[in-house]
Amino acid sequence: MQYYSTNHQAPIATLEKAVVKGLAEDRGLYMPERINKLPKTFFDHIQDMEFQDIAFHVAEAFFGEDIASDELRKLVYDTLQFDCPVVKVKDNIYSLELFHGPTLAFKDVGARFMARLLQYFIRQEGGKQQANVLVATSGDTGSAVANGFLGVNGIHVYVLYPKGKVSPIQECQFTTLGQNITAIEVDGVFDDCQALVKSAFMDEELNRHMRLTSANSINVARFLPQAFYYFNAYARMKQQGLADNLVVCVPSGNFGNICAALFGHEMGLPISRFVAANNANDIFYNYLQTGHYDPKPSMQTLANAMDVGDPSNFARIVNLYSQNGALSAAETHQAITSLISGATYKDEQICKTMRQCYEETGYILDPHGACGYQALADLLKPGEVGVFCETAHPAKFKEKVDDILNIDVEIPTRLRAFMQGQKQSIPMTKQFEDFKQYLLKQ
Ligand SMILES: *Cc1c(COP(=O)(O)O)cnc(C)c1O
């Protein structure tokens with residue numbers, strides 16, 4: 001399969017190049033040149049298949065030309081060492097729980113898949129040169145990437161994070177791992193971390209010395225595997241006879257997760273329509289209403305993993321529905337709004353939703369999932385059944401959730417284990433020269 005750039009100014013890339021590079025030369029996002037439909041027989045029998053097997057068939061449609069079938073199956077099964085179950089919350093509203101992975105958020109799926117795919121490519125080359133992943137994080141991405149790559153041979157991960165600016169729970173998820181993960185505590189803010197990573201990728205001497213790779217969320221190897229769990233959600237709902245008029249609602253920030261769901265739809269997954277739930281960062285919501293895409297600086301909210309003012313994957317969504325540029329902006333907008341609706345919720349409403357849902361059903365929503373749940377409560381029509389993504393475990397935001405619901409959320413054992421680990425990190429200034437000298441010595 002070949003990959004083209006959403007900006008159409010870069011050469012076509014192989015899967016390996018798209019994965020190793022992340023971003024195309026023209027700063028566009030890579031898109032697969034084709035989206036293969038899955039056969040009718042697959043959907044006829046999907047309810048009898050297990051999650052990993054379903055995921056393997058989906059993966060084959062994207063990666064089957066580039067990876068041998070038995071290798072791909074191993075890769076998928078090894079990625080999905082945890083379930084993504086669908087749980088009834090009330091009446092016709094169901095939660096697709098994406099928090100059963102190592103760092104309790106959906107990003108585990110993409111990060112684990114990418115780590116194993118990169119390892120596969122290194123092995124293919126004879127495994128001579130170690131790959132080094134550099135990732136800047138303000139919290140959640142670092143933990144998902146670090147844990148996704150933990151113990152994967154041939155790859156070393158450097159996580160750069162701003163000193164004193166990530167929560168203690170987040171920090172322990174990437175500073176206590178050891179093995180092939182190094183945490184670098186930068187005396188600066190998130191933007192300084194990101195600047196160090198960017199400078200490293202551009203530094204010729206450093207790139208001669210070591211092989212550098214990014215594990216950005218826009219990477220096709222992190223973004224496409226997120227389609228896996230939507231197929232599983234459909235299968236589990238179909239098993240219960242509830243899949244005839246299914247609405248999928250995704251709490252969205254950078255729009256990678258919902259974009260993967262839309263790719264699934266293009267592959268034939270029978271979802272009636274989609275809802276993108278925003279927090280107060282309502283750029284996509286406004287686009288749906290007006291047809292104008294108007295990025296803004298992001299605002300801080302309770303659902304902070306969705307605090308994005310210029311969602312990268314918007315370009316992918318436009319590409320998908322403009323038939324690769326053949327349709328006008330108005331026609332594309334029409335195509336998008338006929339399939340996707342939006343919602344936006346301020347912090348006050350998020351708190352209210354969390355309380356209401358807890359009182360009515362006993363289900364504990366995290367602030368991100370709360371946006372999804374509320375959007376279904378507001379937008380479902382009679383006869384429709386809705387599934388929203390619960391994108392993180394409420395214990396990841398324990399202080400907020402305890403405070404809002406006046407409870408003591410139980411911390412899952414795997415999160416507790418991180419909290420008992422020994423913090424190890426390398427202190428670093430925000431000067432690129434210092435970071436470079438450090439890397440040159442590795
Ligand atoms: C990253 C994240 C989101 C947003 O997902 P996108 O793919 O960026 O739209 C939502 N909730 C949680 C908990 C996240 O970590």
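Just so we're clear, the structure is a prediction, and the values are computed from it rather than from any experiment. Numbering of ligands and ligand atoms starts at 1, following listing order.
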Does a sphere of radius 6.0 Å around CD in Gln422 hold more than 12 heavy atoms from other residues, nucleotides or ligands, not counting ones at 6.0 Å or beyond? no
At a 4.0 angstrom heavy-atom cut-off, ligand 1 is contacted by Phe106, Lys107, Asp140, Pro251, Ser252, Gly253, Asn254, Phe255, Gly256, Asn257, Ala305, Met306, His368, Thr391, Ala392
Quick one: list whatever passes side chain to side chain donor-acceptor pair (under 3.5 Å) with Glu33, sequence neighbours left out. none
Run the salt-bridge test on Lys238 and Asp244 with the 4.0 Å N-O cut-off and return the result as yes or no. no
Pairing of Asp108 and Arg112 as salt bridge, 4.0 angstrom limit: no
With Phe223 as reference, evaluate Tyr3, Phe62, Phe263, Phe228 under the ring-ring contact (aromatic ring centres under 6.0 Å, His included) test and give the passing residue. Phe263
Working for side chain to side chain donor-acceptor pair (under 3.5 Å), residues Tyr345 and Asp378: CA-CA 11 Å; Tyr345 300 107; Asp378 289 340; 2.7 Å; yes
